[in-house]
Amino acid sequence: MGETKTLDVKLRGDLEIVMTRSFDAPLELVWEVHTKPEHLKKWWARGHEADITEHDFRPGGKWRIVEHGDNGEEWAFRGEIREIVPLELIVQTFEFEGMPGHISVERLVFEYKDGKTVLTGTSTFANKEDRDGMVASGMEGGANESYQALDAYLKTLA
């Protein structure tokens, strides 16, 4: 598999967005920074300050992250953990509180290949309008910024 230092985003069918990114870090470390709040607050919000106001990492547990913008703006996101397979899979819901009711299901698959950890995230939406609305919101740029922040953060932990 070739190196994917940028986020690869594809639409699949009418309901899904598939994002793939590789990281020059061990699988265990990439898993840890996705599952512990002290790490999530360092990269999840695209380099902005973030508060992890809820993080109950178990099936049925809830999560909530508030991102703080440079000019005092706040964006809050929340969801529920549905499935965890350690070092392999996290399935959770995702909802932007600014647009309540538009809930997607995220399936994050972690794989170690050729000395890199490959993360594939598939977001499944309830309908095509929600999926297309997410694409139009600039989601790709935001996700790419978060993964760039994650890449930089991982280097500080090596």
Side-chain angles (χ1 to χ4, degrees), residues 1-11 16-57 61-81 84 87 89-100 102-113 115-125 130-158:
M1 175 174 207
E3 185 170 323
T4 306
K5 293 305 287 178
T6 57
L7 184 64
D8 179 53
V9 179
K10 291 184 170 63
L11 303 182
E16 293 182 335
I17 300 170
V18 180
M19 298 185 289
T20 304
R21 174 75 149 76
S22 68
F23 299 93
D24 293 323
L27 173 64
E28 294 81 3
L29 185 57
V30 175
W31 176 266
E32 184 174 321
V33 299
H34 276 82
T35 59
K36 296 190 174 174
E38 64 268 28
H39 295 302
L40 285 166
K41 67 188 292 182
K42 301 285 188 180
W43 66 268
W44 195 89
R46 306 176 290 148
H48 289 132
E49 185 178 326
D51 294 323
I52 312 296
T53 62
E54 190 168 13
H55 190 267
D56 183 8
F57 190 68
K62 310 273 190 213
W63 64 270
R64 183 172 186 268
I65 299 175
V66 179
E67 177 180 352
H68 302 279
D70 296 331
N71 298 315
E73 313 99 320
E74 288 188 347
W75 304 276
F77 305 86
R78 65 182 173 206
E80 178 182 315
I81 306 291
I84 300 168
L87 302 175
L89 174 71
I90 300 169
V91 179
Q92 63 189 9
T93 62
F94 176 93
E95 180 179 22
F96 171 49
E97 291 182 3
M99 294 186 66
H102 299 277
I103 300 168
S104 62
V105 177
E106 295 184 328
R107 180 181 177 84
L108 301 174
V109 176
F110 299 77
E111 301 172 282
Y112 196 69
K113 295 180 179 176
K116 299 182 183 307
T117 298
V118 179
L119 178 63
T120 301
T122 302
S123 297
T124 304
F125 295 83
D130 280 2
R131 194 274 313 261
D132 292 349
M134 181 61 85
V135 171
S137 74
M139 168 271 329
E140 181 175 352
N144 199 35
E145 289 173 2
S146 287
Y147 284 143
Q148 287 174 351
L150 172 56
D151 208 29
Y153 181 61
L154 286 167
K155 288 177 179 147
T156 70
L157 301 173

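At most 12 heavy atoms of other shown residues, nucleotides or ligands fall within 6.0 angstrom of atom CZ in Arg107.
Atoms CG and CH2, from Leu89 and Trp31 in turn, are 7.0 Å apart once rounded to the nearest 0.5 Å. Interatomic distance, Thr6 OG1 to Arg21 CZ, rounded to the nearest 0.5 Å: 7.0 Å. Thr124 contributes atom OG1, which lies 13.5 Å from atom CD1 of Ile103 (distance to the nearest 0.5 angstrom). Rounded to the nearest 0.5 angstrom, Glu106 CD and Met19 CE are separated by 6.5 Å. We find the CZ-NZ distance between Phe23 and Lys155 to be 10.5 Å, quoted to the nearest 0.5 Å. In this structure, Ser123 OG and Arg131 CZ are separated by 11.0 Å, a value rounded to the nearest 0.5 Å.
Ring geometry, Phe94 versus Trp63: the interplanar angle falls from 30° to 60°, so the pair is classed tilted. Between Tyr153 and His39, the angle of the ring planes lies from 30° to 60°, which puts this pair in the tilted group.
Residue Glu67 is tested with Arg46, Arg78, Lys41 for a salt bridge (charged side-chain N to carboxylate O under 4.0 Å, His left out); the sole match is Arg46. Only one option out of Val33, Leu150, Ile65 pairs with Trp44 in a side-chain contact (heavy atoms from CB on, under 4.5 Å); it is Ile65.
The main-chain N or O of Leu27 is found under 3.5 Å from a side-chain atom of Thr117 such that the two form a donor-acceptor pair. In this structure, Thr93 contributes its side chain and Gly79 its backbone to no donor-acceptor pair below 3.5 Å.
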Please lay out, stage by stage, how Leu154 and Asp24 fare under the test side-chain contact (heavy atoms from CB on, under 4.5 Å).
-> CA-CA 8 Å; Leu154 286 167; Asp24 293 323; over 6 Å; no

Review point. Run the side-chain contact (heavy atoms from CB on, under 4.5 Å) check on Lys10 and Thr20 step by step: do they pass?
Key: CA-CA 9 Å; Lys10 291 184 170 63; Thr20 304; over 6 Å; no

| query | Does the side-chain contact (heavy atoms from CB on, under 4.5 Å) test come out yes or no for Ile81 and Phe57, once each step is laid out? | reply | CA-CA 7 Å; Ile81 306 291; Phe57 190 68; 4.1 Å; yes

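Here the side chains of His48 and Asp70 are in contact, with some heavy-atom distance below 4.5 Å. Ile17 is listed as a side-chain neighbour of Phe125, based on a closest heavy-atom distance under 4.5 Å.
The minimum heavy-atom distance linking Glu111 with Lys113 is given by the pair OE2-CE, 3.7 Å. Between Leu7 and Ala143, the shortest heavy-atom distance links the atoms CD2-CB, 3.7 Å. Here the shortest heavy-atom pairing between His55 and Ile52 reads CB-CG2, 3.7 Å. Among all heavy-atom pairs drawn from Gly121 and Leu108, the shortest one is CA-CD2, 3.8 Å. Closest of all the heavy-atom pairs between Ala76 and Arg64 is CB-NH2, 3.5 Å. Nearest heavy-atom pair across Pro100 and Glu95 is CA-OE2, 3.2 Å.
Listed by chain and residue number, Glu80 satisfy the side-chain hydrogen bond (donor to acceptor under 3.5 Å, both in side chains) test with Lys62 (two or more places apart in sequence, or in another chain). With sequence neighbours excluded, no residue satisfies salt bridge (charged side-chain N to carboxylate O under 4.0 Å, His left out) with Glu74.
Taking the ring centroids of Trp43 and His34, they lie under the 6.0 Å cut-off.
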